[in-house]
Amino acid sequence: MEVDAPTDERRYRVSDPSGFRADPDRSTVRAGMLRFIHSSDLHLGKRFGNFSGDLPSRLREARHAAIARLAQHAQEQGAATILLAGDTFDTETPAADVRRQALAEMAHHAPIRWVLLPGNHDSLQATQLWATLKAEAPENVALAAEPRPVELAAGAALLPAPCTTRRPGRDLTEWMEGAATPEGAIRIGLAHGAIRSFSEDGVASDVIAPDRARRAGLAYLALGDWHGALEVEPRTRYSGTPEPDRFKHERPGEALLVSIAGPSALPEVTPLPMASFAWRRLDLHLLDGDDPAPALEGLLPEARHRRQTLARVAAAGRSNLAGRAALTAAIERAKPDFAFLELDDTGLATACEAGDLDGIDRAGALREAANALLAEAGDESRSAGEREIARAALARLFFYAQAVAP
Amino acid sequence: MKISALRLFNVKRFAGRGIAIEGIGDGVNVLCAVNEFGKSTSFEALHALFFQPHSGTPGEIQKLRPYSGGSPLVEADIQTAEGRFRLTKQYYGGRSARVTDLATGRLVAQADEAENFIAGLIRGGTAGPAGLLWVRQGVTGLEKRSRSEEDGEKEVRRSLLESVQGEVEAVTGGRRMAEIMAAAQEALSELVTPTGRPRTGGRYAAAIEERDRLEAEEGRLAGEVDALRAALDRRAAAARRLAELDGAEDRRERRQAVETAEAGFDAARAHDGKLKTAEAELKLARERKDAADRDLGAFRTALAKAKELQERLREAERRRAEASGRRRDAAAAIEKAHADAEAAEAGEQAMRGLLARLDAALKAREAAERLAGLKERLSAAEAARRALEEGEARLALVRIPAHAVDELQALEVEIAKLRAVEEAARPSVAISYQGGAAGPVTMDGIPLADGEERGYDGQAELSVPGIGTLTLRSNRPARSDDRIERAEAKRRTLLASMGVDDLAAARERQVRAERIEAELRELRGRLSLLAPEGLARLRESVAALDPAGAELLELKEDPSQVRAALAAAEESRRKAKLALREAEPLRGSADDAFVRAETALASLDAERTQVAALLGPEEARDRRAQAMADALDERGRALAAAEAHAEALRTAAVDPHSAEAALKRARSVEAAAEQEINALRETIAGLNAEIRTRSEEAVEETWRETAEALSAATARVAAFAKEVAVLQRLASALEAARSEARELYLGPVMAELRPLIGLLFDDVSITFDERTLLPQTIRRSGQEEEVDRLSGGMREQLSVLTRLAFARLLARDGRPAPVILDDALVYSDDDRIEKMFDALHRQSRDQQIIVFSCRQRAFQKLGGNVLQMTDWQP
């Protein structure tokens with residue numbers, strides 16, 4: 001009844017609970033070349049509560065669609081196995097529909113084999129999840145829930161380092177160094193966690209040794225957790241998430257096609273495009289007098305892609321009141337094109353010119369108010385918050401003054 | 001601008017005719033006319049000319065139209081810096097507006113252009129304030145008025161205020177400022193209340209609400225996720241523990257431990273049984289040996305005892321013989337003492353009988369003697385008694401009551417007294433005989449002695465010898481009372497009752513009675529001496545003593561001798577008794593000694609018999625002792641063997657308790673393990689259900705979703721908070737700027753107003769309402785007062801002064817504007833009105849002031865240019 005039953009060597013191969021079944025027809029290393037797809041961090045079931053409208057469901061759907069796309073790549077690239085290096089599910093208790101639909105999708109692409117590694121989001125602590133997965137997993141889905149070598153294909157052994165808990169607090173890959181595999185087998189490590197500071201959740205207490213591949217004699221160490229694809233060293237890579245979920249990483253979501261000629265051969269890695277949504281952080285640097293609208297337009301992706309794009313325009317540099325108003329207006333104009341578009345203008349300094357103030361009023365009480373706000377915005381003795389408020393108030397005054405005919 | 005003439009036609013009651021006011025000059029112009037003379041109509045027409053476009057027909061214009069209809073025409077000549085112009089407006093039919101240059105007669109502008117020209121005059125265009133300043137009858141712009149009045153003059157007042165507001169606008173930012181402020185305020189009020197709290201139902205409040213809701217939800221979900229994770233952890237721990245416990249190897253080990261312990265326990269128990277048997281055998285051997293030991297000892301003791309008994313028996317027999325002898329002696333002594341005692345007793349008894357008889361005889365004799373005495377006394381007593389009775393009978397005859405004699409005596413005295421009195425009162429005769437007188441004179445036959453005085457009653461006859469008979473008559477009346485007779489009757493009665501004849505006899509009887517009484521007393525004394533307890537008692541004593549046939553014994557022996565004999569007999573009896581008493585204990589002790597001796601002998605005998613029985617026949621005794629010693633030796637050996645056996649077993653023994661404890665422990669370990677396994681399975685089952693439920697609810701996904709939504713909501717709230725801060729900052733900046741502008745603007749007005757106010761009031765300062773730009777409060781001698789609360793006169797004075805100040809300001813700016821007052825000083829008293837006139841004249845130096853008033857007399861004092869109304873036809 002328990003998924004995390006004690007290690008029982010006798011079950012290795014004979015009746016592998018994880019679903020590893022030797023399939024001589026498909027799993028032999030053809031022409032001495034081992035090919036598989038390395039992906040991770042699908043975060044199935046992530047709900048994106050920070051967005052509104054139908055965007056969350058679209059993003060969620062996109063994550064599910066990644067399964068089919070991975071399978072398609074595997075088929076096209078002749079890879080028999082897809083290694084998912086953790087965080088396949090966003091939570092330890094994914095909703096039943098998320099789980100069942102994912103498994104159904106994976107089953108549909110048999111005989112491609114899926115290997116699911118427990119990550120920090122769906123660690124083995126989630127015994128319910130893994131027990132259910134074990135019960136429901138179709139034949140072509142294997143659960144790498146135990147740290148012991150399993151046969152990936154003829155002549156290739158997989159050494160998984162499943163996350164035992166959300167924060168194991170130790171290097172789970174350590175066991176790989178002493179793990180015995182058949183002579184001449186290609187050793188593939190599969191792990192989830194941070195190397196140095198590459199921790200997606202900012203937890204660095206349980207880092208994986210960066211030279212683990214070398215020390216454990218691994219031909220390739222497939223890592224998950226970091227959502228951007230990253231080559232740590234030639235044998236150690238993060239695949240990144242196939243479907244990004246935040247503005248943190250610049251690269252679009254991708255999966256890695258890994259080909260290994262032999263136990264000591266360097267892996268040949270090819271990125272495969274994956275993402276259906278692009279998460280873009282667009283840096284817009286403005287100078288005094290720049291017209292922000294064309295600058296922005298030059299930065300935004302072509303119209304056709306905008307529907308699948310979430311973009312954050314990070315404005316920086318300097319602008320006058322008119323320029324700022326124009327930028328805001330331009331963003332507002334462009335918004336409907338995008339899945340999501342927002343302006344981060346915290347980095348944009350506002351330069352006020354006499355002309356700007358004249359735009360409010362040449363003299364009189366309005367001009368006096370504008371002068372007072374401008375002075376306050378530039379008053380170094382005030383707190384940054386107060387200055388920002390004054391600056392924004394001035395911008396607002398400008399905006400109103402434009403709206404009210406002189 | 002200055003107005004030099006006003007003309008109107010077909011206005012109000014001037015239907016079909018017109019009036020003109022010409023020659024309006026600089027300084028103060030006064031149009032004083034009675035009511036209904038067209039004064040107010042002129043004012044209204046002038047107002048319409050400047051403020052109402054020719055094309056419209058608003059209420060004010062409708063009011064200008066006569067009841068009969070027609071088209072009102074208004075015309076004014078004005079003078080500005082540019083020149084002199086004529087403004088003409090016609091409303092309704094043939095509506096038109098024209099501006100004509102009076103210098104050239106050129107039509108400067110008409111229709112809308114003319115309107116623009118006029119508006120430029122009033123509002124001064126964008127360059128600055130200009131125009132006209134109006135104060136209307138009773139309308140100061142300061143006070144609240146009744147609704148009907150308000151409605152009627154609303155338009156007028158509003159336009160007046162508008163004119164003032166228009167001047168302010170340019171300085172304070174005016175309409176743009178107001179619109180921007182309104183926009184900012186509107187944006188702000190959508191978010192927050194005037195006090196800065198999020199407005200209920202607003203977007204800000206909704207965002208906060210949403211954030212709070214999400215926060216709570218997030219907290220709840222986090223709790224649930226924690227619970228789920230805790231449940232997962234607990235289940236994992238339980239499962240791990242279960243795996244540890246439930247492993248086959250562990251099970252086998254526990255089982256084996258139990259079995260081993262069981263075997264150990266069984267072995268220990270068996271050994272224990274053997275040991276117990278050996279111990280029992282050992283005990284038996286010891287007992288047998290001890291028995292033999294005892295037998296032998298007893299036999300030996302018995303032997304010794306037998307010897308000793310022999311001795312003691314002999315001694316006891318000797319003692320018994322001795323005691324028996326003593327007992328015999330004692331018995332003899334006692335026998336003898338008994339006999340002596342009995343003899344003495346018999347003797348004594350005889351003596352005692354004799355003495356008793358003797359005593360009885362003595363007593364009988366004494367009684368007889370006493371009886372005789374008593375009888376004697378009795379007869380004496382009876383004699384005394386008889387004498388007593390006789391005496392008493394005698395006494396009864398002579399006894400007179402003692403007081404009767406005294407009474408009698410008293411009566412005698414009384415009678416004597418009465419007689420003496422009577423005698424004294426009786427006429428009496430006495431004669432003194434001369435010597436030689438012939439015979440004595442007799443009186444009633446009785447001679448009268450010489451010197452004898454004789455009385456008489458009634459009449460007396462004196463026979464004087466020799467002379468004849470002399471009759472004496474007293475002639476006195478009869479005695480009036482009968483006291484003497486009554487006393488004498490009483491005496492007779494008394495004497496009769498006593499049975500005596502006179503007092504002496506009574507006395508004599510009294511003496512006799514006393515004597516008899518004395519005798520009686522004596523007799524009584526004797527009687528009581530003889531029979532102190534009464535005669536009857538005495539008789540009884542006699543009767544009691546009288547021995548009925550008692551014979552008197554003859555006493556032959558001498559009682560004293562008898563007594564001595566008795567004493568001797570008693571003495572001898574006592575001695576016999578003492579002897580007996582002495583002898584008896586002797587026998588007792590002899591008996592006791594004998595009994596003791598017998599007992600001792602008997603017990604010794606019994607002992608000897610017992611010992612003998614124990615020892616058996618004498619000849620076999622030695623053999624028997626030997627046999628017993630042998631048996632003892634043999635049993636001693638057997639004991640040693642048994643002891644060795646038991647010791648061996650003891651050394652080899654395993655404590656069955658420890659073995660049992662070990663077994664118990666092993667079993668409890670097994671049982672505890674089983675129990676824990678069951679408990680763990682239950683726990684896991686419970687957790688399974690909990691985890692399954694929560695997993696199926698996908699609580700963690702919901703939590704993450706909520707957390708993300710919360711961060712978005714928090715950001716949104718922050719954005720709103722910033723927006724609120726920005727808008728508030730903007731609003732405050734605008735407000736501050738406007739206030740400053742107004743102060744700036746009001747400065748010159750105040751400067752102009754101050755000297756004017758100084759004309760009327762002492763020590764008064766004024767603050768202006770920013771909205772109306774009219775005085776709001778005044779400050780007098782340190783007290784602040786709302787203008788609303790001031791008197792009507794003061795209000796209108798302030799109103800006029802304020803407008804004069806504005807006008808002066810305008811004039812100073814090179815843009816003079818006329819001040820038009822229509823019956824503006826209705827409430828002011830004469831003193832104040834003169835001061836107001838002073839103020840008007842003071843202003844009028846470089847200012848045109850047009851005053852309309854119906855108070856002709858009061859306004860005569862105003863002076864100035866007096867205007868006249870004339871008929872006019874266009």
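Lettering of chains follows the sequences in order, A, B, ..., and the numbering in each one begins at 1. Computed from heavy atoms alone, side chains included, the values below leave out hydrogens, waters and symmetry copies.
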Take atom OH of Tyr204(B) as the centre, draw a 6.0 Å sphere, and report whether it contains more than 12 heavy atoms from other residues, nucleotides or ligands. yes
Any Asp233(B) side-chain heavy atom under 4.5 Å of Thr165(A) side chain: no
Residues at least two apart in sequence or cross-chain that pass side chain to side chain contact (heavy atoms under 4.5 Å, CB included) with Asp344(A), listed by chain then number, are Arg312(A), Thr346(A)
If you count the non-hydrogen atoms of other residues, nucleotides and ligands that lie under 6.0 Å from CZ in Arg251(B), is the total more than 12? yes
I need the contact set between residues 725-732 of chain B and chain A: heavy-atom distance under 4.5 Å, sorted by residue number. Ala725(B), Val726(B), Leu727(B), Arg729(B), Leu730(B)
Residues 210-229 of chain B: residues contacting chain A (heavy atom under 4.5 Å, by number): Leu228(B), Arg229(B)
Correct closest heavy-atom pair for Ala187(B) and Tyr400(A) would be CB-OH, 3.4 Å
Under 4.5 Å from a heavy atom of chain A, the part of Ala736(B) involved: neither
Atom pair CG (Leu397(A)) and CE (Met181(B)), whose distance is rounded to the nearest 0.5 Å: 11.0 Å
Chain B contact via Glu386(A) - which portion, at a heavy-atom distance below 4.5 Å: neither
Taking all non-hydrogen atoms of both residues into account, name the closest pair between Ile180(B) and Ala401(A) and its distance. CD1-CA, 3.9 Å
Heavy atoms under 4.5 Å from chain A: which residues of residues 701-709 of chain B carry them? Glu701(B), Thr702(B), Arg704(B), Glu705(B), Glu708(B), Ala709(B)
Other residues, nucleotides and ligands only: do more than 12 of their heavy atoms fall within 6.0 Å of CD on Gln675(B)? no
Hey, what do you get for OG1 (Thr714(B)) to CG (Asn50(A)), rounding to the nearest 0.5 Å? 11.5 Å
